[in-house]
Amino acid sequence: MEESDIKLRDGRIIRGEAPLNLETPFEKLDSFITPTESFYVRTHFPIPSIDRDAWWLRIEGEVEKPFAINYEELLDLEWKTIPATLECAGNNRSFLEPKVKGVQWGLGAVGTAEWTGVPLSILLDRAGVKANASEIILEGADGGVLEDPKSPPGELRFARSIPVEKARRDVLLAYKMNGIDLPAEHGFPVRAIVPGWYAMASVKWLQRIIVADQPFTGYYQTIDYAYWERREAIAELTPLTKMQVKAQISKPSQDEIIPANSLVCVQGVAWTSDGKIAKVELSTDGASTWSEAKLLGEPKPNAWQLWEFNWQTPAAAGKQTLIARATDSFGRTQPSQRDRDHGNYMINHLLPIAVEVR
Ligand SMILES: Nc1nc2c(c(=O)[nH]1)N[C@H]1C(S)=C(S)[C@@H](COP(=O)(O)O)O[C@H]1N2
Ligand SMILES: [Mo]
C-alpha cells in the first residue's frame with residue numbers, strides 16, 4: 001500500500017472506525033514509553049461514556065463479603081506504578097499468508113505505557129476470596145450485539161478471566177496511563193492491566209469482578225481469543241494467555257530505501273512474558289547468518305526492551321531482507337514458521353522486512 005493511501009487519525013493508522021481500531025505507526029517508535037496519543041486502540045463495541053462520579057466497581061461471586069467501590073474510594077487505596085507492554089493477540093496479522101479474518105494489524109498493535117493503579121489483590125483480600133475460588137472474571141461496561149452466528153443472541157459484554165493466583169500476583173486496576181487519567185478509548189475510568197498476557201485480558205471500562213469456582217467459558221474466552229492446543233492429537237480450544245517471545249524491527253521500515261555502503265542503525269524492540277530477553281539476533285541475508293544486536297537499557301518485567309544493530313550495508317544496489325529473532329531467559333525463541341494451530345492469533349514466527357539498498 002502506498003503511504004498516501006493510509007488513512008490516519010491523530011497520527012495513528014485507522015484499522016476500523018466503528019468499532020474504533022487505531023494502530024501505532026511502528027517506524028516512529030523511538031522510546032521505551034509509547035506516548036499515550038500514539039498508543040494503539042482496540043475496541044469491539046462503541047466506547048462507553050462513563051461518569052466517574054456515578055461509576056461503581058462490584059466484587060461478587062465466591063467471596064465472603066461482596067462489595068462495591070467507587071472512584072474516590074479506589075483512589076484512596078495503596079497504589080503503584082509499573083511499566084507494562086500491551087500487545088494485541090492479533091498484532092502482525094496482515095503478514096499472514098493466506099489471509100485470515102480479523103483486524104489487519106501491521107507491526108503497531110503493541111505499546112508500552114506506565115500504568116498507575118491499585119493491585120487487584122487488595123480488593124480480593126477485602127472481599128475475602130473463598131478457598132474454592134479458581135478464577136477471576138473481569139467484565140467491561142461495553143457491549144452490543146454481534147453478527148457472529150456463534151455469539152450468544154442479544155447483548156454481550158466484553159469479559160475475560162484470569163486465574164486467582166495471577167490476579168493476586170501482579171494484576172493492577174489502573175486509573176492512570178503515563179501519569180494522566182486514562183483516556184476514554186483506553187478504558188476510563190478504570191481498566192485491568194494483566195502484565196505479560198496478550199492485551200485482551202487487560203479489560204477496559206471495568207465494572208464488575210466475579211470470583212468463580214469453575215473455568216469461565218464466555219465468548220471472548222473460548223470462541224474468540226482462543227487457539228488450538230493439541231492433547232493426545234486432539235485439538236482443543238484454549239484461551240490465549242501469555243505473550244510469546246518476539247522481536248520487531250521499527251527502523252528501517254518495510255520497503256524503505258537505504259543508502260549502499262554505509263552504516264545504518266537497525267532499531268527495534270523485543271519482549272516476552274515473565275522472563276527477560278536474553279538476546280536479539282538480526283539477519284540481513286534472509287535467515288542464513290545471524291549477528292547479535294545490542295540490548296539497550298535495563299530489562300523490566302513484562303515490558304519490552306529496545307535494541308539496535310549497526311548494519312554495514314552492501315556496496316551493490318538491490319533488495320535486502322532484514323529479520324529479527326528474540327530468545328528469552330527461559331530459552332524460548334521465535335519459530336521460523338507459522339503454527340497454524342494458532343489460528344488468527346499469537347503471531348510470533350520470523351517476519352522478513354524487505355528494504356531496498358540504493
Ligand atoms: N472492555 C473491553 N476491554 C478490552 C477490549 C474491549 O474491546 N473491551 N479490547 C481488548 C483488546 S483485544 C486489546 S488488544 C486491548 C487494547 O487496549 P488499548 O486499546 O488500550 O490499546 O484492550 C482489551 N480490553
Ligand atoms: Mo487485542
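As the structure lists them, so they are numbered: ligands from 1, and atoms in each ligand from 1. We're numbering straight along the sequence, starting at 1. Every heavy atom of this structure was used, including side-chain atoms; hydrogens, water molecules and symmetry mates were not.
Of all the heavy atoms of Ala109, none lies under 4.0 Å from any atom of ligand 1, so neither backbone nor side chain is involved.
Each of Leu350, Val245, Asn348 was checked for a side chain to side chain contact (heavy atoms under 4.5 Å, CB included) with Pro335, and the lone residue meeting it is Asn348. Of the listed residues (Arg42, Gln104, Arg12), just one forms a side-chain hydrogen bond (donor to acceptor under 3.5 Å, both in side chains) with Asn21, and that residue is Arg42.
Of the N or O atoms in Glu87, none lie within a sub-3.5 Å distance of an N or O in ligand 1. Where the criterion is an N or O separation shorter than 3.5 Å, residue side chain and backbone included, Trp205 fails it with respect to ligand 1. Looking at ligand 1, you won't find any N or O of Thr43 less than 3.5 Å from one of its N or O atoms.
Contact atoms of ligand 1 toward Val203: 1 (N), 3 (N), 24 (N) (distance under 4.0 Å to a heavy atom of the residue). Ligand-side atoms of ligand 1 in range of Asp142: 1 (N), 2 (C), 6 (C), 7 (O), 8 (N), range being under 4.0 angstrom from any heavy atom. Contact atoms of ligand 1 toward Ser202: 22 (O), 23 (C), 24 (N) (distance under 4.0 Å to a heavy atom of the residue). Of all atoms in ligand 1, numbered sequentially from 1 with element shown, those under 4.0 Å from a heavy atom of Val41 are 19 (O). Using a 4.0 Å cut-off to heavy atoms of Cys88, the atoms of ligand 1 that qualify are 14 (S).
Nearest protein heavy-atom contact of atom 3 (N) of ligand 1 is Lys204 N, 2.8 Å. Atom 15 (C) of ligand 1 has as its closest protein heavy atom Ala199 O, 3.5 Å.
Taking only non-hydrogen atoms, the option from Arg160, Met177, His186 nearest to atom 20 (O) of ligand 1 is His186. Across Arg157, Met200, Arg191, His44, heavy-atom proximity to atom 22 (O) of ligand 1 is greatest for Arg191. Counting only non-hydrogen atoms, the option in Trp105, Phe39, Tyr40 that gets closest to atom 14 (S) of ligand 1 is Tyr40.
Linking Ile, Leu, Val, Met, Phe, Trp and Tyr whenever their side-chain heavy atoms come within less than 4.5 Å leaves Trp290 and Ile353 in two separate clusters.
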Could you give me the CA-CA distance, side-chain angles and deciding distance for Thr112 and Thr85, then say whether side chain to side chain donor-acceptor pair (under 3.5 Å) is met? CA-CA 4 Å; Thr112 299; Thr85 295; 2.7 Å; yes

Please tabulate, for side-chain N and O atoms in residues 116-127, each donor-acceptor pair with protein atoms closer than 3.5 Å (sequence neighbours left out).
unit_1 : atom_1 : unit_2 : atom_2 : d
Thr116 : OG1    : Thr81  : OG1    : 2.8
Asp125 : OD1    : Arg168 : NH1    : 2.8

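Under a 4.0 angstrom heavy-atom cut-off, Tyr225 registers as being in contact with ligand 1.
Annotation: cation-pi geometry not satisfied between Arg157 and Trp205 (NZ/CZ under 6.0 angstrom from ring centroid, within 45° of ring axis).
Inter-residue side-chain proximity for Trp271 and Glu87 is flagged as met; some heavy-atom pair is nearer than 4.5 Å. The shortest distance between side-chain heavy atoms of Trp307 and Val266 falls below 4.5 Å.
Between Lys242 and Asp274 a salt bridge is recorded (basic side-chain N to carboxylate O distance below 4.0 Å).
Aromatic ring centres of Phe158 and Phe45: separated by at least 6.0 Å.
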